[in-house]
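Report on one structure; see the data block that follows.
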Protein chains: 2
Amino acid sequence: MSPPHPPVEARVGYALKRAQAALRAAMDDALRPLGLTVAQYACLQLIGERPGVSGSELARGMFVSRQSLNVVLRGLQERELVHRPSTAPQARSLPAELTPAGRRLARRADALVADIEAQMIAVLSARQRSQLLAGLTACTEALSNDAAWKP
Amino acid sequence: MSPPHPPVEARVGYALKRAQAALRAAMDDALRPLGLTVAQYACLQLIGERPGVSGSELARGMFVSRQSLNVVLRGLQERELVHRPSTAPQARSLPAELTPAGRRLARRADALVADIEAQMIAVLSARQRSQLLAGLTACTEALSNDAAWKP
DNA sequence: CAGTCCATGTCAAAATATTGACATGAGTCC
DNA sequence: GGACTCATGTCAATATTTTGACATGGACTG
């Protein structure tokens with residue numbers, strides 16, 4: 001018999017999912033007091049890092065659809081944390097910016113998240129951390145469809 | 001200024017999310033021809049590995065709520081891939097089992113997923129693979145609330 | 001035994017996300 | 001310029017997931 005039968009516990013894919021779930025849960029708990037969801041935090045963070053991004057770019061950076069990102073953005077705009085012009089300046093894309101309040105909240109939220117990440121990798125040595133990062137990056141690239149190696 | 005400001009690209013948490021998203025997308029593509037979603041595949045796999053599991057146990061193993069797992073289970077039962085007694089044998093929990101058809105489909109699906117995982121970690125050495133697995137496990141445990149160190 | 005606690009399964013409602021479709025502006029190729 | 005393609009933003013409909021609440025059966029404790 002062919003042996004695709006290691007238990008899920010021993011599979012990298014399951015370990016990935018489990019770690020991601022644990023991280024998400026921890027972030028959720030930490031951000032709740034600020035009134036932020038993980039998606040909202042990620043949105044603020046990305047905008048803060050790259051002011052003027054379009055909604056589509058944000059969606060790709062957060063691995064969700066444009067439509068669902070738009071809902072998140074709308075909420076942040078209503079809370080005056082993010083500003084977006086109502087009309088497109090140069091093309092069809094609406095550049096998003098943090099308001100001063102958004103910048104402040106993003107800083108506070110990021111401090112909390114940074115703590116969680118630090119706790120998560122606390123038991124790893126510096127070398128192990130960079131290898132973990134490298135391994136995850138390699139996995140991502142291996143699955144990104146640059147497939148199609150040509151003859 | 002305090003420096004919680006490495007860009008997301010360099011953060012383990014983001015790398016985790018990204019790798020998980022890539023894996024999920026690849027699995028989705030691979031399983032679509034079989035008429036299975038990732039959640040359905042995971043469900044079949046877990047039941048196959050531990051026949052007689054309760055719905056709540058499955059939900060925990062899949063990192064979703066009991067309610068949302070129930071929706072998945074219902075679909076699998078209607079397709080005669082999973083069987084569950086309508087009344088609880090010993091306690092309140094309803095043990096889930098694979099039907100013969102479910103077992104066959106689970107095998108086929110698992111072969112596809114195993115291929116994807118193999119592709120994902122293809123560029124890593126055996127040592128790097130086990131270190132990646134160990135690193136992910138360590139991260140998970142570090143976030144699992146055994147917190148509460150006592151005085 | 002009564003009382004308490006905990007896990008399970010389920011219902012209903014709400015939040016969240018995706019798919020599909022469409023209009024618009026920009027770039028490209030002829 | 002005209003036709004094409006492509007990316008963006010948005011609307012509507014659908015699917016998926018979570019939250020909150022409740023009843024039930026078992027275990028544990030007094």
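Proteins get letters first, then strands, A, B, ... in listed order; numbering begins at 1 in each. As a basis for the values below, the full set of heavy atoms in this structure was taken, side chains included, without hydrogen atoms, waters or symmetry mates.
- Salt bridge annotation for A:Arg18-A:Glu9: present, with a cationic side-chain nitrogen under 4.0 angstrom from a carboxylate oxygen.
- Atom-to-atom, CG of A:Leu73 to C1' of D:dT10 comes out at 13 Å; the value is rounded to the nearest Å.
- DNA chain C is contacted by both A:Arg66 and B:Gly55; B:Gly55 maps to the nucleotide lying nearer its 5′ end (nearest heavy atom per residue).
- With a 6.0 Å radius and a threshold of 12 heavy atoms from other residues, nucleotides or ligands, B:Arg129 has its CZ atom above the threshold.
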> So A:Gln45 and A:Val113, side chain to side chain contact (heavy atoms under 4.5 Å, CB included) or not? Walk me through it.
Replying inline: CA-CA 11 Å; A:Gln45 197 63 20; A:Val113 172; over 6 Å; no
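- Atom CZ of A:Arg24 has 12 or fewer heavy atoms from other residues, nucleotides or ligands within 6.0 Å.
- At D:dT8, none of the side-chain N or O atoms of A:Ser93 fall inside 4.0 Å of OP1 or OP2 (strictly under the cut-off).
- Grouping the Ile, Leu, Val, Met, Phe, Trp and Tyr side chains by contacts below 4.5 angstrom, directly or via other members, places A:Val71 apart from A:Leu94.
- Remark: A:Arg50 CZ is loosely packed, at most 12 non-hydrogen atoms of other residues, nucleotides or ligands lying under 6.0 Å away.
- Distance, B:Phe63 CZ to D:dT18 P: 12 Å, rounded to whole Å.
- Rounded to whole angstrom, the span from the CG atom of B:Leu94 across to the C1' atom of C:dA7 amounts to 13 Å.
- Comparing atom distances between the A:Ser54 side chain and each of D:dG26, D:dT8, C:dT8 picks out D:dT8 as nearest.
- Between the CG atom of B:Leu58 and the C1' atom of C:dT10 there is a distance of 16 Å, given to the nearest Å.
- Remark on DNA chain C: of its neighbouring residues A:Ser68 and B:Arg84, the 5'-side contact belongs to B:Arg84, judged by nearest-heavy-atom nucleotide.
- Here the P atom of nucleotide C:dA17 and the CZ atom of A:Arg74 are 14 Å apart, to the nearest Å.
- Phosphate proximity of D:dT8 to A:Arg60: present, with a side-chain N or O under 4.0 Å from OP1 or OP2.
- The end-to-end axis angle of the helix from C:dC1-D:dG30 to C:dC30-D:dG1, rounded to 10 degrees and based on five pairs per end, is 30°.
- Distance CD (B:Gln67) to C1' (D:dA23): 14 Å, rounded to an integer number of Å.
- Where A:Asp28 and A:Pro95 meet DNA chain D, the nucleotide closest to each residue was compared, and A:Pro95 sits on the side nearer the 5' end.
- When the side-chain nitrogen and oxygen atoms of A:Asn70 are compared with OP1 and OP2 of D:dG9, none of them lie within a distance under 4.0 Å.
- The main-chain N or O of B:Pro6 is found under 3.5 Å from a side-chain atom of B:Arg11 such that the two form a donor-acceptor pair.
- Distance, A:Glu57 CD to D:dG9 C1': 13 Å, rounded to whole Å.
- For B:Gln90 and D:dG25, a side-chain-to-base donor-acceptor distance below 3.5 Å is absent, hydrogens and geometry of angles not being considered.
- Residue A:Leu69 contributes atom CG, which lies 10 Å from atom P of C:dT18 at whole-angstrom precision.
- Here B:Ser56 lies in heavy-atom contact (under 4.0 Å) with sugar-phosphate atoms only.
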